[in-house]
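Each remark here refers to the structure printed beneath this line.
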Amino acid sequence: MMTEAHTDRLRRHATYASVAVATALIAAKLIAYLTTDSVSILSSLIDSSTDLMASVVTLLGVRTALRPPDRAHRFGHGKAEALAALAQAAFIGGSALFLTIEAVRRLVRPEPIGEGAIGIGVMLLSIVLTAGLIAFQRHVVTATGSVAVGADRLHYSGDLLMNTAVITAILLTGWTGIGAFDPLFGLGIAAFLLHGARGVAKEALNVLMDRELPEEDRARIAALVKAHADARGMHDLRTRSTGTGVFIELHLELDPQLTVAVAHDITDRIETELRDAFPNAEVIIHQEPAGLADERLDNRIARGSFG
């Protein structure tokens with residue numbers, strides 16, 4: 001099992017790799033755009049520029065999220081990752097808007113594309129570098145569950161499609177001499193970027209708004225608790241993503257005749273099982289005697305009675 005220090009290093013290395021790849025691609029695509037004047041390459045250049053800004057924001061967000069709890073932030077700084085992902089969505093949406101305007105202008109006033117071979121060569125380089133980065137980011141997300149690195153990976157996954165579309169647009173324009181292919185592909189890429197921005201923003205907002213974990217995860221938690229021989233039941237399960245892990249809170253029903261020490265040992269074993277099943281989880285269990293008729297969060301939610 002990976003240590004916390006190792007997963008922290010993976011998060012940091014993923015952000016460094018993202019910044020390095022984005023910087024290299026901006027330089028290559030800028031040269032290609034100045035040579036070809038292709039709006040498709042311009043779209044890819046704009047996206048790489050926003051990639052760099054988003055990657056820097058992700059780097060800062062991950063660095064902040066990995067800071068330990070302090071007096072002012074006793075729950076830690078994990079939501080900084082979600083804020084970084086939300087900033088990424090804003091960058092992506094803005095670049096899509098700019099690209100749409102440029103593509104429409106090129107449809108109205110078509111312009112020729114020059115030196116298509118250079119553009120294709122740069123796009124192939126982009127595909128190779130981006131594919132390598134995505135493979136590393138996938139490994140990091142699997143190992144750490146980082147929402148910010150996950151958003152960055154989603155963004156770069158879209159870049160693979162974008163780079164393929166750019167190559168197709170250049171080839172079609174060269175073969176047919178129809179200049180409309182280039183801006184039309186630019187519009188398609190802009191639509192894809194907006195779709196990606198929506199997904200990134202939704203995931204980030206789920207973390208910031210403390211949305212419950214998926215039902216299958218909640219069911220798995222309940223099954224693990226109820227499978228314990230000494231558990232008489234459970235209720236008021238609350239879960240959320242912290243950005244760098246998960247938070248699990250529940251009320252555990254135990255035999256009312258147990259001593260405090262025995263109840264504590266049982267609870268410790270259940271907490272350990274939950275942390276094994278959900279790495280980087282913070283687990284808080286409130287012990288209650290089975291059969292106690294108290295006011296429960298589950299009942300209040302079912303009735304919709306708050307305030």
Side-chain angles (χ1 to χ4, degrees), residues 1-8 10-11 65-66 68-69 74-79 81-82 138-150 153 202-304 306:
M1 182 180 295
M2 291 188 180
T3 65
E4 184 175 351
H6 182 61
T7 58
D8 289 353
L10 280 177
R11 281 190 173 92
L66 292 178
R74 294 179 185 268
F75 285 98
H77 302 79
K79 288 190 177 181
E81 286 205 11
R138 184 182 294 113
H139 169 67
V140 173
V141 172
T142 301
T144 69
S146 170
V147 65
V149 175
R153 179 177 65 86
K202 181 179 179 181
E203 184 176 357
L205 287 173
N206 283 343
V207 174
L208 294 172
M209 295 299 295
D210 291 333
R211 184 179 178 86
E212 288 286 335
L213 296 182
E215 280 302 318
E216 54 268 26
D217 288 337
R218 287 175 53 83
R220 185 182 175 200
I221 292 169
L224 284 170
V225 174
K226 293 176 181 178
H228 198 281
D230 295 302
R232 297 288 185 87
M234 60 162 283
H235 59 272
D236 288 358
L237 171 63
R238 296 198 297 179
T239 62
R240 65 181 174 88
S241 171
T242 64
T244 54
V246 297
F247 178 90
I248 301 171
E249 178 186 333
L250 60 93
H251 289 214
L252 175 65
E253 300 169 25
L254 297 170
D255 184 344
Q257 303 303 318
L258 294 176
T259 65
V260 173
V262 172
H264 178 268
D265 290 341
I266 294 170
T267 303
D268 271 356
R269 289 197 294 273
I270 293 177
E271 287 178 348
T272 299
E273 291 176 8
L274 288 173
R275 280 192 290 267
D276 289 341
F278 295 88
N280 298 322
E282 181 172 343
V283 183
I284 298 178
I285 297 180
H286 172 71
Q287 304 157 2
E288 285 188 8
L292 179 66
D294 60 345
E295 179 65 14
R296 297 183 177 182
L297 176 64
D298 290 341
N299 297 335
R300 295 177 68 191
I301 289 176
R303 295 194 307 264
F306 288 91

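Scope of the values below: all heavy atoms of this structure, side chains included, with no hydrogens, waters or symmetry mates.
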**Considering all heavy atoms, the nearest A82-A204 contact** = O-CB, 3.4 Å
**Prompt:** Looking at side-chain heavy atoms only, is the closest gap between L252 and T267 below 4.5 Å?
**Reply:** yes
**Message:** Atom CZ of residue position R218 - does it have more than 12 heavy atoms of other residues, nucleotides or ligands inside 6.0 Å?
**Reply:** yes
**Candidate pair H139 and L10, rule side chain to side chain contact (heavy atoms under 4.5 Å, CB included), full reasoning** = CA-CA 9 Å; H139 169 67; L10 280 177; 4.1 Å; yes
**Request:** Please tell me if the side chains of L237 and I248 come closer than 4.5 Å, counting only heavy atoms from C-beta onward.
**Result:** yes
**Message:** Between the side chains of K79 and D210, is the shortest nitrogen-to-carboxylate-oxygen separation below 4.0 Å, so that they form an ion pair?
**Reply:** yes
**Request:** Mind listing the closest non-hydrogen atom pair of E288 and L292 along with its distance?
**Result:** OE1-CD2, 4.1 Å
**Message:** Once rounded to the nearest 0.5 Å, what's the spacing between atom CG of L250 and atom CG of D298?
**Reply:** 10.5 Å
**Asked** Side chain of E282, backbone of F247: donor and acceptor closer than 3.5 Å?
**Response** no
**Prompt:** What heavy-atom pair brings I221 and L274 nearest, and what distance separates the two atoms?
**Reply:** CG2-CD2, 3.9 Å
**Message:** If you define the side chain from C-beta out and look only at heavy atoms, does anything of R240 sit under 4.5 Å from M209?
**Reply:** no
**R296 atom CZ, over 12 foreign heavy atoms within 6.0 Å** = yes
**Request:** Starting at CG of L224, measure out to CZ of F278 and round the result to the nearest 0.5 Å.
**Result:** 7.0 Å
**Message:** Minimum heavy-atom separation for V207 and T242, please, with both atom names.
**Reply:** CG1-C, 4.2 Å
**Request:** Identify the two heavy atoms, one from L213 and one from S241, that lie closest to each other, and give their separation to 0.1 Å.
**Result:** CD2-N, 4.1 Å
**Asked** side-chain hydrogen bond (donor to acceptor under 3.5 Å, both in side chains) with E253: which of Q287, H235, R232?
**Response** H235
**Message:** Does atom NE2 (H264) have a neighbourhood of more than 12 heavy atoms from anything else shown, all under 6.0 Å?
**Reply:** no
**Prompt:** Can any side-chain N or O of N206 pair as donor or acceptor with the backbone N or O of R211 at less than 3.5 Å?
**Reply:** no
**Asked** If you round to the nearest 0.5 Å, how far is CD1 of I285 from CE of M234?
**Response** 8.5 Å
**Request:** Provide the closest heavy-atom pair for D230 versus L254 in the form atom of the first, atom of the second, distance.
**Result:** O-CD2, 3.4 Å
**Sub-4.5 Å side-chain heavy-atom contact between I266 and L258** = yes
